[in-house]
**Q** 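What follows is a single structure, and I will ask about it in a moment.
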Amino acid sequence: MSIAIRKLDSADAGFRDKLSAVLAFEAGEDEAIDRAAATILAEVKARGDAAVLEYTQRFDRVQAASLAGLEIGKDALQAALAGLPPARREALQAAADRVRAYHERQKKECGSDGFLYQEADGTELGQKVTPLDRVGIYVPGGKAAYPSSVLMNAIPAKVAGVQEVIMVVPTPDGVQNELVLAAAAIAGVDRVFTIGGAQAVGALAYGTATIPQVDKIVGPGNAYVAAAKRRVFGIVGIDMIAGPSEILVICDGSTDPDWIAMDLFSQAEHDELAQSILLCPDAAYIAKVEASINKLLDAMPRRDVIRTSLTDRGALVKVRDMEEACEIANMIAAEHLEISAEEPQQWADRIRHAGAMFLGRFSSESLGDYCAGPNHVLPTSRTARFSSPLGVYDFQKRSSVIRVSEAGARALGKIAAELAYGEGLQAHARSAELRLK
């Protein structure tokens, strides 16, 4: 059975409206979910451990005498690592090493050392960069396990210098994923609790007798987790509210169509709301990709999810040329952008908005998900227009440094006083003027 994937042509009348309809995704909050999350958060804030334990027993069917009984010790994490098949353990270690190396380079290149400079009169100005004290990382559990998410969230935090990383991961019916626990060991996670949902977000945000309050919560979760993260923002920091996964492929028609079809599948298999779009100036090549999609689909274990995703939210788009493809890509601002072309850099130079760019036909997005090195926690739903991948900088904060000399106080005081009087703030003005004498 072939997939009825949408086919668009940029030369057709009403193309932009049709494309907008494909892209439309309202991540609006479900009122019932938001109310439920608010109730859970209020209970956790008021009753701490007891509330977290009750909700964990209710939703995940996990029984424990106390919340402390849901903590997994470091010995157990190391045992999970040691118990992996050698090939899988080596792959996990190799991925962690690459992720760590990339973020160590990122720390060096992104101004993490701060700066200080001195003006002629001796006044010193600068910026001090310090890591957060404690971070909570949420790792999804249940339908799927994501050890790669453990690496991508915990490693940059540790590279940034975060003192304590606390991981929460739901384990429905008490089933623990050994690969997730092994990833926590490799990434240097300090404490792990088998709790999830809005109650885990509340525990991290407010703190309980067993779980200390964190400064920031990162990591994806279900709708209840997203609603809870929205509500606790301001009490703690959060990374982002993630939408469905997206891939946008710009192809000049020179890549094996089977490769492109599989790249589209790689995001479509996440869930039915994931989005996979191809932009190409070659109509004949688009037809080949469509044929590859229909040829390869039945062999995919998650073919039903892929079919729904491609039918409801996918598209094969004929564009006038590669220049127009880049213009459309900037409008879409996709989470993952593959530029599968003979000379990808010339087109990458035209891209302003994308979470991550994969250049050249050998740069499959799947490598970025696991082991290329850059972070796979990326902005979705067009938020790449104003936000960035998760990185070392998300686990640091900056303090301005101002040390004014006596001569500087005389010069700056006059400026400050004049502006303060203009704003009607006499105490500000007098504070500056007292130092002029």
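Just the heavy atoms: all of them, side chains too, but no hydrogens, waters or symmetry mates, feed the values below.
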**Q** Step by step, would you call Lys158 with Val165 a side-chain contact (heavy atoms from CB on, under 4.5 Å)?
**A** CA-CA 8 Å; Lys158 282 297 184 180; Val165 174; 3.9 Å; yes
**Q** Can you give me the closest heavy-atom contact between Ser10 and Val319, atom names plus distance?
**A**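 What the structure gives for the nearest pair is OG-CA, 3.4 Å.
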**Q** First locate atom CG of Leu204, then atom NZ of Lys216, and finally report the distance between them rounded to the nearest 0.5 Å.
**A**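 These two atoms lie 14.0 Å from each other.
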**Q** We want to know whether Gln267 and Glu246 form a side-chain donor-acceptor pair, criterion being a heavy-atom distance below 3.5 angstrom.
**A**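 No, because no side-chain N or O of Gln267 sits under 3.5 Å from a partner of the opposite role on Glu246.
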**Q** Show your working on side-chain contact (heavy atoms from CB on, under 4.5 Å) between Val180 and Tyr146 and close with a plain yes or no.
**A** CA-CA 6 Å; Val180 166; Tyr146 297 99; 5.8 Å; no
**Q** Atom OG1 of Thr56 and atom CD of Gln63: how far apart are they, to the nearest 0.5 Å?
**A**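 Separation between the atoms: 10.0 Å.
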**Q** Could you tell me if the side chain of Ser387 sits less than 4.5 Å from the side chain of Met240, heavy atoms only?
**A**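 Met240 vs Ser387: side chains apart.
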**Q** Consider salt bridge (charged side-chain N to carboxylate O under 4.0 Å, His left out). Of Arg230, Lys229, Arg231, which one does Asp34 pass it with?
**A**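 That would be Arg231; it is the only one of Arg230, Lys229, Arg231 passing the salt bridge (charged side-chain N to carboxylate O under 4.0 Å, His left out) with Asp34.
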**Q** Are any non-hydrogen side-chain atoms of Phe265 and Ile293 less than 4.5 angstrom apart?
**A**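 Yes. Closest side-chain heavy atoms under 4.5 Å.
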**Q** Counting only heavy atoms from other residues, nucleotides and ligands, does the tally under 6.0 Å from CG of Asp349 exceed 12?
**A**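 Counting neighbours around CG of Asp349, more than 12 heavy atoms of other residues, nucleotides or ligands fall under 6.0 Å, so yes.
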**Q** With a 3.5 Å distance limit and no angle check, can you tell me whether Asn330 reaches the backbone of Arg352 through a side-chain donor-acceptor pair?
**A**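 Yes.
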**Q** Tell me if the CZ atom of Phe233 is crowded by more than 12 foreign heavy atoms within 6.0 Å.
**A**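 12 or below, so no.
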**Q** Do Asp9 and Phe15 pass the side-chain contact (heavy atoms from CB on, under 4.5 Å) test, and can you show the C-alpha distance, the side-chain angles, and the key distance before you say yes or no?
**A** CA-CA 7 Å; Asp9 191 322; Phe15 165 71; 5.9 Å; no
**Q** Between Val289 and Leu264, is the side-chain contact (heavy atoms from CB on, under 4.5 Å) condition met? List the steps.
**A** CA-CA 10 Å; Val289 171; Leu264 298 175; 4.3 Å; yes
**Q** What distance separates Tyr102 OH from Met152 CE, expressed to the nearest 0.5 Å?
**A**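 The OH atom of Tyr102 sits 10.5 Å away from the CE atom of Met152.
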**Q** Does Arg361 reach the main-chain N or O of Ser340 with its side chain, forming a donor-acceptor pair under 3.5 Å?
**A**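 Checking the backbone N and O of Ser340 against the side chain of Arg361, no donor-acceptor pair under 3.5 Å is found.
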**Q** Heavy-atom distance under 4.5 Å between the side chains of Lys107 and Gln396, does that happen here?
**A**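 Lys107 vs Gln396: side chains touch.
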**Q** If we ignore hydrogens and angles and just use 3.5 Å, is the side chain of Ser381 paired with the main-chain N or O of Thr383 as donor and acceptor?
**A**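 No: the side chain of Ser381 does not pair with the backbone of Thr383.
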**Q** Does a donor on one side chain sit under 3.5 Å from an acceptor on the other, for Asp263 and Ser364?
**A**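 Absent: no donor and acceptor within the cut-off.
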**Q** Is the shortest distance from a Lys or Arg side-chain nitrogen in Glu104 or Arg100 to a carboxylate oxygen in the other one below 4.0 Å?
**A**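 No salt bridge links Glu104 with Arg100.
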**Q** Any side-chain heavy atom of Leu92 sitting closer than 4.5 Å to one from Leu151?
**A**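 They are in side-chain contact.
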**Q** Between the side chain of Arg398 and the main-chain N/O of Val129, is any donor-acceptor distance below 3.5 Å?
**A**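 Answer holds: no.
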**Q** Please answer whether the main-chain N or O of Glu119 pairs with a side-chain N or O of Thr123 as donor and acceptor at a distance below 3.5 Å.
**A**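 Between the backbone of Glu119 and the side chain of Thr123 there is no qualifying donor-acceptor contact (under 3.5 Å).
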**Q** If every non-hydrogen atom of Arg6 is compared with every non-hydrogen atom of Val22, which pair is closest and at what distance?
**A**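 Heavy atoms of Arg6 and Val22 come nearest at CD-CG2, 3.3 Å.
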**Q** Shortest non-hydrogen contact from Gln426 to Gly424?
**A**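 Nearest pair, atom of Gln426 first, then Gly424: OE1-O, 2.9 Å.
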**Q** Judged by modelled atom types alone, do Ser400 and Gln127 share a side-chain donor-acceptor pair under 3.5 Å?
**A**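 Checked: Ser400/Gln127 side chains show no N/O donor-acceptor pair below 3.5 Å.
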**Q** Hey, what do you get for CD (Gln199) to CG (Leu67), rounding to the nearest 0.5 Å?
**A**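 Nearest 0.5 Å value for the CD-CG distance: 10.0 Å.
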**Q** NE2 of His428: more than 12 outside heavy atoms within 6.0 angstrom?
**A**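 Incorrect, the count does not exceed 12.
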**Q** Pick from Glu164, Gln163, Gln213: which one makes a side chain to side chain donor-acceptor pair (under 3.5 Å) with Arg134?
**A**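 Considering Glu164, Gln163, Gln213, a side chain to side chain donor-acceptor pair (under 3.5 Å) with Arg134 is found only for Glu164.
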**Q** Is the number of heavy atoms from other residues, nucleotides or ligands within 6.0 Å of NZ (Lys18) greater than 12?
**A**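 Enclosed.
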**Q** Taking the side chain as C-beta and beyond, is there a heavy-atom pair between Val225 and Tyr138 under 4.5 Å?
**A**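 Answer yes - side chains close enough.
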**Q** Nearest 0.5 Å, please: how far is CD1 in Ile332 from CD1 in Ile277?
**A**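 The CD1 atom of Ile277 sits 4.5 Å away from the CD1 atom of Ile332.
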**Q** Do Asp60 side-chain atoms and Val62 backbone N/O form a donor-acceptor pair below 3.5 Å?
**A**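 Answer holds: no.
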**Q** Run the numbers on Glu109 and Arg105 for salt bridge (charged side-chain N to carboxylate O under 4.0 Å, His left out), then give the verdict.
**A** CA-CA 6 Å; Glu109 299 290 344; Arg105 181 64 179 266; 3.0 Å; yes
**Q** I'd like to know if the side chain of Arg61 and the backbone of Phe59 have a donor-acceptor N/O pair within less than 3.5 Å.
**A**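 Yes.
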**Q** Any side-chain heavy atom of Val232 within less than 4.5 Å of one from Val201?
**A**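 Yes, at least one pair of side-chain atoms sits under 4.5 Å.
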**Q** When you measure from the side chain of Thr380 to the backbone N and O of Gly243, does any donor-acceptor pair fall under 3.5 Å?
**A**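 Present.
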**Q** If you count the non-hydrogen atoms of other residues, nucleotides and ligands that lie under 6.0 Å from CZ in Arg435, is the total more than 12?
**A**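 Atom CZ in Arg435 is not crowded, with 12 or fewer foreign heavy atoms closer than 6.0 Å.
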**Q** Please determine, by modelled atom types, if Glu290 and Asn294 share a side-chain donor-acceptor pair under 3.5 angstrom.
**A**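 No pair is found: no donor N or O on one side chain lies under 3.5 Å from an acceptor on the other.
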**Q** Evaluate the side-chain proximity of Gln106 to Pro374: yes if any heavy-atom separation is below 4.5 Å, no if none is.
**A**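 Sidechains of Gln106 and Pro374: no contact.
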**Q** State whether the side chain of His103 and the backbone N or O of Pro156 hold a donor-acceptor pair below 3.5 Å, judged by distance alone.
**A**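 Judged by distance alone, no pair lies under 3.5 Å.
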**Q** Find the distance between CG (Leu378) and CD (Glu365) and round it off to the nearest 0.5 Å.
**A**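 Leu378 CG to Glu365 CD: 8.0 Å, rounded to 0.5 Å.
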**Q** Regarding Glu71 and Thr210, do their side chains bring together a donor and an acceptor under 3.5 Å, going by distance alone?
**A**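 No.
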**Q** Of all the heavy-atom pairs spanning Ser292 and Ala261, show the shortest one and how long it is.
**A**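 For Ser292 versus Ala261, the nearest heavy atoms are CB-CB, 3.7 Å.
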**Q** Would you say the side-chain atoms of Glu124 pair up with the backbone N or O of Gln118, donor to acceptor, closer than 3.5 Å?
**A**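 Such a contact is absent between Glu124 side chain and Gln118 backbone.
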**Q** What heavy-atom pair brings Cys251 and Cys280 nearest, and what distance separates the two atoms?
**A**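 Closest heavy-atom pair between Cys251 and Cys280: O-SG, 3.3 Å.
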**Q** How far apart are the C-alpha atoms of Glu418 and Lys414, what are their side-chain angles, what is the distance that settles it, and do they pass the salt bridge (charged side-chain N to carboxylate O under 4.0 Å, His left out) test?
**A** CA-CA 6 Å; Glu418 184 61 35; Lys414 295 176 183 178; over 6 Å; no
**Q** Is there side-chain contact between Phe193 and Val52, with at least one heavy-atom pair below 4.5 Å?
**A**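 No; the side chains remain at least 4.5 Å from each other.
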**Q** Taking NZ, NE, NH1 and NH2 as the nitrogens, is one of them in Arg430 or Glu433 under 4.0 Å from a carboxylate oxygen of the other?
**A**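 A salt bridge links Arg430 with Glu433.
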**Q** Please determine whether a side-chain nitrogen of the Lys or Arg among Glu269 and Arg303 lies less than 4.0 Å from a carboxylate oxygen of the Asp or Glu.
**A**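 Salt bridge absent between Glu269 and Arg303.
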**Q** Taking it one step at a time, do Gln275 and Ser309 satisfy side-chain hydrogen bond (donor to acceptor under 3.5 Å, both in side chains)?
**A** CA-CA 7 Å; Gln275 184 153 74; Ser309 170; over 6 Å; no
**Q** Is the CZ atom of Arg385 crowded by more than 12 outside heavy atoms at less than 6.0 Å?
**A**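 It does: Arg385 CZ has more than 12 such atoms within range.
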**Q** State, to 0.1 Å, how close Asp49 and Ala209 come at their nearest heavy-atom pair, and which atoms those are.
**A**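 Scanning both residues, the minimum pair turns out to be OD1-N, 3.6 Å.
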**Q** Can a salt bridge be assigned to the pair Arg313 and Asp271 using a cut-off of 4.0 Å between side-chain N and carboxylate O?
**A**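 Salt bridge between Arg313 and Asp271, a charged N being under 4.0 Å from a carboxylate O: no.
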